[in-house]
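Let me begin by presenting the structure, written as structure tokens, before commenting on it.
Just so it is clear, the values below take in all heavy atoms, side chains as well, and ignore hydrogens, waters and symmetry mates. Every chain is numbered from 1 and lettered A, B, ... according to where its sequence line falls, protein lines coming before strand lines.
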Amino acid sequence: MRIIEKLKSWFLPAFLRKFDHKLLLNNPVLWTSRAHLVSWLGLLSLAILALIFFTIPNDPRHESVVYLPTFFVLIISVVGIIIWLIYLLRFNVFKRFGTYTWKSMLGSFLLLFASLGWFVLLPFLPSAIEAYRADQAYTSEELILEAERMNFLISELIYDSLIVDFTGDTLLVSDSLIQAENDKNTYVIENYLEGSLNICTQEFLLRKIVDYDSIVSIGNGYYILLTAPNYRFLNADKSKNYFPVKSLSNLEFYNSIHRNYNSDSLSKWRTEFEKFKIKYASDEDYYLNRTYYESDGSSYLDMLGIRSIEEGLGNISFRKYFWSGEAIEVFFRIWFYTVLGLSLLIFVFRHSTTKVFFLSLFVSVLLMMISGLLGAFLSLDEIGIYNLMLLYILMFFISTFSIFKSTRKSKIQGVALNLFTLVIGFLPVIIVLYYNEIISSRYGGSPNYYSYYAEFEVRIQVAEIVGILLLIILIPTLIYKSYRKWYALPDE
Amino acid sequence: MINKSAEIKSFLEHGDDSLAIRRLLDYSLEINQTDLLKMAISISKNYHQSRIENDSLQINSALKAESLDLLDALDRATPPLSFNSETLIKVNSISKKYIGSNFSLSPISLEINTSDIVGIVGENGNGKTTFLRCLSGQLAIDSGKIEYNRIPNADFYSVKNHVAFIPQRIPKWFGYLKDNLCFSASLAGLHGERNELMVDFMLERLNLSKYAHLTWDKISSGYRTRFEIARVLLFKPGLLILDEPLANLDINAQQTILTDLRYLAKSTYHPLGIVLSSQQLHEVEKVADRVLFIKQGKCLFTTGEATNEKPSTVIELETSISREGLVDLFQQSDIQLQFNGVFYTLSSESLNAQQIIQLVFSKNIPVTYFRDITHSTKRYFN
């Protein structure tokens with residue numbers, strides 16, 4: 001007991017305990033949520049864990065083992081949620097029939113969300129710190145320029161073994177043939193046709209010519225498109241998305257290698273290369289022995305023993321850009337929907353009876369099984385499944401509305417209200433998916449569908465935002481009135 | 001107010017210190033001035049502290065002087081307005097039948113006003129709890145109507161805020177006792193310093209201060225009942241319904257709680273109606289304005305209401321004389337005898353209680369226990 005008290009005094013300073021007591025006396029909704037304590041402990045945990053993860057040696061060139069600390073922090077978070085729940089469930093403003101307004105209910109939900117937000121955020125910390133450390137150790141510019149320089153050095157060092165011949169594609173340019181093909185099949189536009197010979201239109205050739213290093217006409221509409229050998233053994237292409245730099249074309253690089261070759265500089269280049277090797281090579285050889293390296297024909301890398309540089313560069317890029325671009329959106333969705341799901345479950349639990357809450361979970365599993373069985377027996381497609389989902393939501397809504405006419409507490413209405421609260425925020429997303437399926441079934445594969453599908457991601461994002469807004473609007477209105485009415489109704 | 005002050009002074013003078021302190025707290029609350037209330041709380045705390053330290057029930061002279069000073073200050077303060085009794089709840093022929101059970105509650109009507117104490121008595125399983133749960137809006141009624149006059153057309157959430165129900169088995173609470181009280185006060189709209197003051201008052205008034213920092217597991221069931229009363233009183237309900245509140249209490253605590261309930265109901269600070277069920281017939285009858293006797297779901301008798309039955313005198317008597325001896329002694333009178341294994345029940349159509357007791361003494365019957373239950377619901381228990 002004394003140890004617990006001592007721990008409390010360490011982690012909860014006097015000012016916070018005073019604040020906690022003040023909230024107890026003045027704001028029971030905020031006090032019961034313990035959001036202030038969770039926020040403080042969340043910040044404290046973030047700081048302590050950040051300190052630990054910044055202190056632990058972490059070489060960006062090595063393969064990331066971030067899942068280990070992530071799992072460790074995940075366990076801490078789960079334990080934290082359990083302890084928080086123990087304290088949270090001790091006091092319930094709503095079930096005490098005190099002063100509980102629509103603001104209290106909305107506040108309760110938002111505070112649950114905020115508290116859980118901290119817990120779910122913690123497991124993302126190790127990978128974020130790893131990304132930060134890699135970002136600090138290597139800049140995008142550095143990676144691009146030095147990878148290019150290394151390619152130059154490798155090429156010069158193995159100059160005698162370099163392939164010098166261009167590779168070529170033969171092409172027949174014939175507008176009339178393409179037109180004939182178009183007449184047969186409207187979806188064949190001007191791409192290469194299947195077969196031994198590539199055929200294209202004049203216009204396509206002009207457009208595509210920039211992708212090649214050279215072109216030779218051999219008469220009768222036949223062309224050979226030539227590509228210079230690729231001397232870029234290492235690449236930092238990912239970095240180019242974050243640091244705009246104009247690099248040499250394939251042909252320009254090819255030319256620079258051959259123009260600058262000087263056997264007298266070899267020793268200087270070797271020294272320079274060795275420095276890069278120290279900077280970028282991963283000393284882990286686990287991947288170096290993997291069989292795909294043996295068969296991919298990159299024997300130059302073997303000659304210099306620099307596969308570890310490729311590995312190192314790959315690891316650096318993986319860590320450095322782990323939290324960039326689309327990944328942030330993905331991580332945000334994982335965080336957001338985990339927090340939202342847990343918040344809704346706890347919110348429903350706190351406004352329902354224990355029996356009806358678990359009954360609601362049971363009914364939701366039952367409905368999923370029924371839907372699966374109906375889908376199997378009636379051979380329902382996606383549209384059929386979405387129809388079922390919309391039907392369920394409509395049923396939940398009607399049952400929820402019927403509460404206002406009730407004179408006694410009904411478990412069925414309670415279950416419907418719980419499930420309505422749990423799913424209503426996802427209704428717009430379901431509608432968009434449903435609409436997408438209808439469009440897909442009607443116009444799938446046609447140009448119209450492609451133009452629609454281009455906007456699909458945006459529509460989903462809008463639906464997600466509308467869903468959240470809908471939930472935030474319904475909590476202090478319909479959901480508040482329904483729970484208030486249903487929970488207080490006399491039992492049968 | 002002078003009467004109240006005089007009453008407390010009398011308690012102090014005759015050594016009824018515990019009662020005097022409780023009444024001093026009540027009086028301070030009625031005057032409702034923060035500084036005076038704080039003084040009363042402080043006196044009460046010191047009194048309880050000195051009881052622990054000195055192991056004595058008597059108040060020390062310094063504290064007594066302080067109490068008298070406070071009484072003077074209270075007398076000088078603006079007296080509170082007296083309250084007008086108003087109807088809290090009108091129950092019109094409510095009935096209830098459980099699905100799949102033979103038991104049913106037959107129509108019962110009742111009207112409860114502020115400051116009323118209504119006792120519900122009856123044997124186990126005869127519908128007392130069902131009736132109380134119907135009154136508090138916990139249980140749906142099948143017919144009849146309940147009108148909560150202070151909150152017309154209110155939803156059940158408001159009803160449950162207005163009517164406090166303390167069940168026999170008090171649901172477990174978590175955390176510290178004082179935190180729970182502060183939380184309840186906060187829910188009832190008491191914030192900041194007022195919250196702390198009222199919680200301190202309740203802790204003292206119900207003698208819970210020394211348990212303030214204990215949890216549910218560490219306090220006895222009697223104190224859990226007191227805690228529950230303190231908690232609901234902070235809510236200032238219009239009607240307080242208690243199901244068997246005396247069940248977990250010792251005999252002294254029963255007396256204290258009943259006396260407190262009587263004072264609370266008639267408090268000018270917040271007068272309220274109280275309905276309680278109990279098996280302690282005599283104790284309940286002492287404090288209740290009316291007592292309803294429920295048997296097999298029917299309200300057979302309400303004290304104070306005229307009945308069609310011919311009134312007869314009923315006496316409980318415990319004696320060492322054998323039944324045969326008693327029959328011989330009473331053969332000249334119309335006294336009927338019944339024996340329940342512990343004592344005899346004597347009933348007579350012609351004699352009143354005084355005449356029966358005179359008869360008993362005139363025949364030199366040794367009496368160890370005697371009670372007139374003519375006007376008590378106890379006479380209906382078989």
Side-chain angles (χ1 to χ4, degrees), chain A residues 1 4-5 8 17-18 20-34 37 83 85-102 104-105 108 351 353-354 403-411 413 480-492, chain B residues 94 96-101 130 133-142 145-146 154-165 171-176 178-199 213 215-216 218 231-232 234-237:
Chain A
M1 217 46 197
I4 292 171
E5 288 304 316
K8 261 189 186 175
R17 275 178 283 166
K18 260 188 191 170
D20 183 59
H21 188 64
K22 208 164 190 171
L23 286 179
L24 167 63
L25 301 182
N26 296 292
N27 193 332
V29 172
L30 182 51
W31 181 73
T32 49
S33 76
R34 314 283 172 150
L37 301 181
I83 293 171
L85 277 177
I86 290 170
Y87 279 92
L88 179 82
L89 299 179
R90 284 180 172 185
F91 298 92
N92 191 324
V93 179
F94 174 71
K95 292 183 179 175
R96 285 284 181 88
F97 304 107
T99 316
Y100 195 76
T101 62
W102 63 269
S104 314
M105 184 174 264
S108 293
H351 291 89
T353 61
T354 309
I403 289 171
F404 295 100
K405 294 277 173 199
S406 289
T407 53
R408 45 195 75 191
K409 200 188 279 177
S410 146
K411 287 190 181 71
Q413 287 172 336
Y480 166 71
K481 285 184 179 165
S482 306
Y483 271 117
R484 186 183 157 99
K485 168 90 180 169
W486 176 79
Y487 189 77
L489 278 171
D491 291 321
E492 183 60 53
Chain B
I94 60 162
K96 171 76 190 169
K97 184 168 176 29
Y98 289 108
I99 298 165
S101 163
T130 300
R133 290 190 67 204
C134 287
L135 276 190
S136 64
Q138 304 256 332
L139 209 55
I141 52 173
D142 293 335
K145 198 176 177 189
I146 302 174
D155 63 358
F156 276 100
Y157 200 89
S158 306
V159 167
K160 287 180 177 176
N161 184 283
H162 174 65
V163 180
F165 177 67
K172 185 174 181 173
W173 40 266
F174 299 91
Y176 297 121
K178 189 173 180 180
D179 283 353
N180 275 274
L181 289 182
C182 288
F183 176 63
S184 292
S186 193
L187 286 186
L190 296 168
H191 298 307
E193 203 187 337
R194 186 71 185 165
N195 182 310
E196 285 190 297
L197 186 70
M198 286 309 294
V199 167
H213 296 289
T215 55
W216 162 276
K218 290 177 185 161
R231 191 181 69 75
V232 298
L234 285 167
F235 260 89
K236 293 173 82 172

Checking heavy atoms, do the side chain of B/Ile141, its backbone, both or neither come under 4.5 Å from chain A?
-> backbone

Separation between CG (A/Asn26) and SG (B/Cys182), nearest 0.5 Å, reads 10.5 Å

Contacts of A/Lys405 that satisfy side-chain contact (heavy atoms from CB on, under 4.5 Å) - sequence neighbours left out | none

Do you know which two heavy atoms are closest between A/Asp491 and B/Arg133, and how far apart they sit?
-> OD2-NH2, 3.6 Å

Most heavy-atom pairs under 4.5 Å with chain A, out of B/Ser184, B/Gly137, B/Ala140, B/Gly189, belong to B/Ala140

Atom group of B/Arg194 that falls short of 4.5 Å from chain A, counting heavy atoms = neither

Sidechain-backbone polar pair: A/Thr99 side chain, B/Leu187 backbone, donor-acceptor under 3.5 Å | yes

Given a strict heavy-atom distance threshold of 4.5 Å, which part of A/Ser104 is in contact with chain B: side chain, backbone, both, or neither?
-> neither

Taken in chain and number order and not counting sequence neighbours, the residues that satisfy ring-ring contact (aromatic ring centres under 6.0 Å, His included) with A/Tyr480 are none

Ring centres of B/Phe156 and A/Phe97 under 6.0 Å apart?
-> no

Using non-hydrogen atoms only, which part of A/Phe94 is less than 4.5 Å away from chain B: side chain, backbone, both, or neither?
-> both

Highest number of heavy-atom pairs under 4.5 Å with chain A among B/Gln138, B/Lys172, B/Glu193 belongs to B/Gln138

Reported NZ-to-CD distance for the pair B/Lys96 and A/Glu492, which is rounded to 0.5 angstrom = 5.0 Å

Atom CG in B/Leu139, atom NZ in A/Lys409: separation rounded to 0.5 Å?
-> 11.0 Å

If one checks every heavy atom of B/Ser136 against chain A at 4.5 Å, the contacting part turns out to be neither

Shortest non-hydrogen contact between A/Arg90 and B/Phe174, atoms and distance = CG-CB, 3.3 Å

Looking at B/Ile99, B/Leu190, B/Asn180, B/Val159, which one has more heavy-atom pairs under 4.5 Å with chain A than the rest?
-> B/Asn180

Taking every heavy-atom pair that is under 4.5 Å apart, which of B/Gly175, B/Cys134, B/Gly192 has the most such pairs with chain A?
-> B/Gly192

Of the backbone (N, CA, C, O) and the side chain (C-beta and beyond), which part of A/Asp20 lies under 4.5 Å from a heavy atom of chain B, both, or neither?
-> neither

Determine the interplanar angle of the B/Phe183 and A/Phe91 rings, folded into 0 to 90°, and report it as parallel if under 30°, tilted if 30 to 60°, perpendicular if over 60°.
-> perpendicular

Exactly one candidate in A/Lys481, A/Lys485, A/Arg484 meets salt bridge (charged side-chain N to carboxylate O under 4.0 Å, His left out) with B/Asp155; the answer is A/Arg484

